[in-house]
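Encoded as structure tokens, the structure appears first; notes follow it.
Lettering follows sequence order; numbering is per chain, from 1. Atoms considered below: every heavy atom in the structure, side chains included; atoms not considered: hydrogens, waters and symmetry mates.
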Amino acid sequence: MTTSYLSTPAAHQRILSWFAEARRPFPWRDPRTNAWGVLVSEVMSQQTPMTRVEPLWRDWMERWPHPSDLGKEPTAEVVRAWGKLGYPRRALRLRECAQVVAAQYQDTVPRNVETLLSLPGVGSYTARAVACFAYGDNVPVVDTNVRRVVARVEHGKPDQGKPREKADLAEVAALLPEDSATGARFSAALMEFGALVCTARTPRCEECVLSDACAWLAAGKPVWDDDTHGRRPTPQKFTGTDRQVRGLLLDVVREQPGGVKKAVLDMVWPDAIQRERALQSLLADGLMECSAAGLYGLAGELS
DNA sequence: GACGCGTGGTC
DNA sequence: TGACCAAGCGT
């Protein structure tokens, strides 16, 4: 086990000072925002840039200020309100999550990490993010930003490599300041630092408060790691995939609350086999439905 | 553990 | 200009 710089009070102080100055004032960081608001912001932010999330988050909070409000809403309304944030199944899971919170937890988002993990759409990252950011608990919050910062500063690697749930959690837990409130702030700061300074593409090492202690910078910012041959996670393709076709189909029915005939859907993609496969998957996911009259639309608005 | 899952901005 | 990237989750 190598010595950890990020676990030292000096490192904590530097990151926290930087954060106090540079943190972006997102509305879910307002102390008046409750755990429900934090949870919604975290789910919306899964694989989606924060700047795109903010306007949608405001809409949702105004429209559905409590979990029970969202849980009562038809799925079609929820999917439509999701707009073009991407990965619309997240909207369905968030609605399911709201129903569970309303029914089993008195409309209050749980604080306990294990309980949070049992909720639909809430995984290892989101559960700890809610516990930390909403409730101030000093738990490790491990996202791609945090893993990248640790990989560079501590291990001298260019990027985070494949996630290793248990090891990553343990490593980040060992970095946290002992004081609970400080630890919670430090987790938020470390993420923000990865998002704004220690970025994936072009890190801003000139303005980095850790530059004199960074193993990656000291090693000359190598582009790959000699041991792992720099294997990155599988790059995501999009053009020509079912994912693209699903997006095109959903685009149509979002705009047509009354539903459309199949002939209208047939126009969005030339390959009939793939088009049909994408449509069936949307029906199976519960994002779309088909009425008795043969119309296709968002789930829950054709009956 | 690898894969599928949207969308738009950036260089 | 197309490849890369963005606070992951569920199967």
Output the rounded distance in Å from [atom1] ([X]) to [atom2] ([N]).
X        : N     : atom1 : atom2 : result
A/Arg89  : C/dC9 : CZ    : P     : 14 Å
A/Gln236 : B/dG8 : CD    : C1'   : 12 Å
A/Glu42  : C/dA7 : CD    : C1'   : 6 Å
A/Lys84  : C/dA6 : NZ    : C1'   : 17 Å
A/Phe193 : C/dA7 : CZ    : P     : 14 Å
A/Asp168 : C/dG8 : CG    : P     : 13 Å

Whole-Å [atom1] distance, [N] and [M]:
N      : M      : atom1 : answer
C/dA7  : B/dC11 : P     : 15 Å
B/dG1  : C/dG8  : C1'   : 15 Å
C/dT11 : B/dT7  : C1'   : 23 Å
C/dC9  : B/dG9  : P     : 25 Å

Regarding [X] and [Y], do their side chains bring together a donor and an acceptor under 3.5 Å, going by distance alone?
X        : Y        : value
A/Thr239 : A/Gln244 : no
A/Glu42  : A/Tyr125 : yes
A/Ser124 : A/Arg128 : yes
A/Gln280 : A/Glu276 : yes
A/Ser118 : A/Glu114 : no

Is the phosphate of [N], meaning OP1 or OP2, less than 4.0 Å from a side-chain N or O of [X]?
X        : N     : answer
A/Arg148 : C/dA6 : yes
A/Arg254 : B/dG6 : no
A/Lys162 : B/dA2 : yes
A/Gln47  : C/dG8 : yes

Return the residues of residues 114-141 of chain A meeting this criterion: a heavy atom under 4.0 Å from some atom of DNA chain B. Order them by number, or give none. none
Check the orientation of A/Trp28 and A/Phe26. Use parallel for under 30°, tilted for 30 to 60°, and perpendicular for over 60°. parallel
Among B/dG6, C/dA7, C/dC9, the one nearest A/Gln46 by side-chain distance: C/dC9
List, with names and distances, any nitrogen or oxygen atoms from the protein found under 3.5 Å away from nitrogen or oxygen atoms belonging to nucleotides 9-11 of chain B.
none

Determine whether a donor-acceptor pair (one donor, one acceptor, N or O, separation below 3.5 Å) exists between the side chain of A/Ser281 and the base of B/dG4. no
